[in-house]
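Read the numbers this way: they start at 1 and go in the same order the structure lists the ligands and their atoms. Heads up: numbering here begins at 1 and tracks the sequence.
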Amino acid sequence: MNNVAVIGSQWGDEGKGKIVDWLSSEADVVVRFQGGHNAGHTLVIDGVTYKLRLLPSGIVRKNKISVIGNGVVIDPWAFLDEINEIRSKGVKVGEDNLIISESANLILPFHKEMDEIREDAAGKAKIGTTRRGIGPAYEDKVGRRSIRVMDLISEKNLDQRLETVLLHHNAIRKGLGKSIFKKDKLKDDLLKIAPEILKFSKPVWNKIYEFKKQNKKILFEGAQGILLDVDHGTYPFVTSSNTVASAAATGSGCGPNSINYVLGITKAYTTRVGEGPFPTELKDEIGEKLGTRGKEFGTVTSRKRRCGWFDGVLVRQTIKISGIDGIALTKLDVLDELDEIKMCIAYKIDGKEIDYLPAAVEDQLKVKPIYQSFKGWKTKTRGIKKFDDLPTNAKNYIKELEKFIETKVSSISTSPERNDTILIVDPFKT
Ligand code: IMP
């Protein structure tokens with residue numbers, strides 16, 4: 001029996017929602033393992049639209065267990081709001097279908113404030129974060145002063161933990177000329193909602209072990225994309241978690257051998273929200289066209305996404321870093337009207353040609369893409385469900401792309417509709 005990890009192979013927003021939704025209909029258990037409510041996707045099931053940020057996609061389906069692992073950072077109020085929002089649409093959420101890890105770290109109001117204070121103070125050096133407090137919460141986790149779900153059990157313990165974390169935050173706030181964050185109101189607010197949070201909390205590592213023993217199919221649902229990974233992405237313009245597939249193991253408490261297939265969701269062009277290097281970015285009318293046709297606006301922050309050509313060098317690199325077995329190519333139909341389509345196959349830097357993205361951000365900003373050009377197909381591919389029905393030029397583009405990234409395309413998405421998918425390999429059945 002296969003367990004599948006789904007991750008983004010670019011800078012996020014690759015169209016994971018549709019693929020994860022399709023795979024979650026097959027899975028028994030869906031696990032989020034990193035990130036927080038900086039992620040966001042929209043699912044449309046039987047005509048009802050669900051906007052998910054923190055909850056795993058399995059939550060909107062009957063008879064699925066949704067799990068939030070220890071690697072996720074949870075804003076407890078955002079978590080409860082999201083539950084209420086989807087309950088109002090008739091979805092049942094209870095302890096039998098939602099589990100959160102006792103060890104997951106909380107995002108608290110002072111994290112969100114710190115995210116905003118720092119972004120506002122950074123001027124041109126800002127990261128362009130989602131301002132949800134993600135970075136500051138992960139910093140407190142590795143700084144060993146974080147408040148975790150289990151800390152909500154005892155008032156005495158919570159008091160001590162808050163004392164520790166606020167000592168740190170208030171020192172920085174003072175330095176930045178900001179007001180002191182008071183402990184008591186936050187403690188009272190947390191204690192008020194504690195029972196609602198704690199009722200979902202369990203030792204997730206043990207639950208996953210049981211699910212595996214019961215031969216349940218597990219889907220590990222990644223958020224963001226590998227180029228936003230804190231180790232492997234375009235640092236410092238990254239998120240603060242590991243977004244690679246191996247994070248599914250550490251972020252939920254199972255071994256790497258629990259993941260049998262890694263599916264990399266890959267857009268047929270490239271987008272990025274926020275600041276940072278983007279070698280194939282198009283600041284011209286083609287970029288505008290991709291943005292309009294692809295409806296490239298952020299789900300969480302509504303920001304306009306930057307658009308550019310498919311970067312084969314980057315995707316080949318993220319495939320190697322994350323052990324991607326196959327890619328799901330999304331939004332092919334967005335390219336339908338173009339006369340010419342380009343794919344980046346190498347970079348030039350200081351007169352030299354290189355075949356990978358250098359690690360230093362200064363170099364990442366300097367590289368110039370070298371393109372291979374393809375004739376556009378100028379025909380509607382929207383809604384096509386068989387590879388053979390694709391126009392010849394589209395087939396050529398996909399075959400060349402496959403060859404270049406040295407990885408098979410396992411499915412192709414030809415519209416936002418769930419059924420408009422060319423399925424080549426079912427990751428659960430390989
Ligand atoms: P943070 O995760 O809010 O700290 O933001 C850090 C960077 O990651 C920024 O460039 C964000 O735009 C980007 N980012 C965070 N979450 C997502 C996502 O779900 N999709 C795309 N970009 C994201």
Worksheet item: Within the structure, does R132 bring an N/O atom to less than 3.5 angstrom of an N/O atom in ligand 1?
Response: no
Item to complete: I would like to know whether D363 and Y347 meet side-chain hydrogen bond (donor to acceptor under 3.5 Å, both in side chains); could you show each step before the answer?
Response: CA-CA 11 Å; D363 291 336; Y347 299 128; over 6 Å; no
Fill in: A223 to ligand 1, any heavy atom closer than 4.0 Å
no
Worksheet, complete the sentence: Nearest heavy atom to atom 9 (C) of ligand 1, choosing from A39, G128, G274, belongs to G128
Worksheet item: Does W11 have a non-hydrogen atom less than 4.0 Å from ligand 1?
Response: yes
Worksheet item: What is the nearest protein non-hydrogen atom to atom 2 (O) of ligand 1, stated with its residue, atom name and distance?
Response: T239 OG1, 2.6 Å
Response to the item:
for atom 17 (C) of ligand 1, nearest protein heavy atom and its distance come out as Q224 CG, 3.4 Å
Worksheet item: Does the salt bridge (charged side-chain N to carboxylate O under 4.0 Å, His left out) test come out yes or no for R132 and D75, once each step is laid out?
Response: CA-CA 9 Å; R132 298 287 188 273; D75 176 326; over 6 Å; no
Worksheet item: Do D115 and ligand 1 have an N or O pair less than 3.5 Å apart?
Response: no
Fill in: Side chain, backbone, both or neither: the part of R303 lying under 4.0 Å from ligand 1 by heavy atom
side chain
Fill in: Residues R144 and D140 bridged, charged N to O under 4.0 Å
no
Response to the item:
The protein heavy atom nearest to atom 10 (O) of ligand 1 is V273 O, 3.2 Å
Worksheet item: Does F310 reach the side chain of T280, with side-chain heavy atoms less than 4.5 Å apart?
Response: no
Discussion item. Between the side chains of E281 and R306, is the shortest nitrogen-to-carboxylate-oxygen separation below 4.0 Å, so that they form an ion pair?
Written reply: yes
Item to complete: Could you check atom 14 (N) of ligand 1 against the protein and tell me its nearest heavy-atom contact, residue, atom and distance included?
Response: L228 CD1, 3.8 Å
Discussion item. Check contact between S240 and ligand 1, using heavy atoms of the residue and a distance below 4.0 angstrom.
Written reply: no
Practice prompt. Have a look at R131 and tell me which of N38, D115, D120 forms a side chain to side chain donor-acceptor pair (under 3.5 Å) with it.
Written response: D120
Response to the item:
Ranked by distance from atom 6 (C) of ligand 1, the top protein heavy atom is V238 O, 3.3 Å
Worksheet entry | Numbering as shown, the atoms of ligand 1 that approach T130 to under 4.0 Å (heavy-atom distance) | 1 (P), 3 (O), 5 (O), 15 (C)
Worksheet item: Tell me: protein heavy atom nearest atom 5 (O) of ligand 1, and distance?
Response: T129 CA, 3.3 Å
Worksheet entry | Axial cation check for F211 ring with K216, 6.0 Å and 45° limits | no
Fill in: Exercise: do T234 and Q364 side chains pair donor with acceptor under 3.5 Å
no
Practice prompt. Kindly state whether the ring of F110 and the ring of H169 have centres lying under 6.0 angstrom apart.
Written response: yes
Worksheet entry | ligand 1-proximal atoms of N38, by part, heavy-atom distance under 4.0 Å | both
Response to the item:
On a heavy-atom basis, the closest approach of S240 and V230 is C-CB, 4.0 Å
Worksheet item: Any idea which protein heavy atom is nearest atom 20 (N) of ligand 1, and the distance to it?
Response: D13 OD1, 3.2 Å
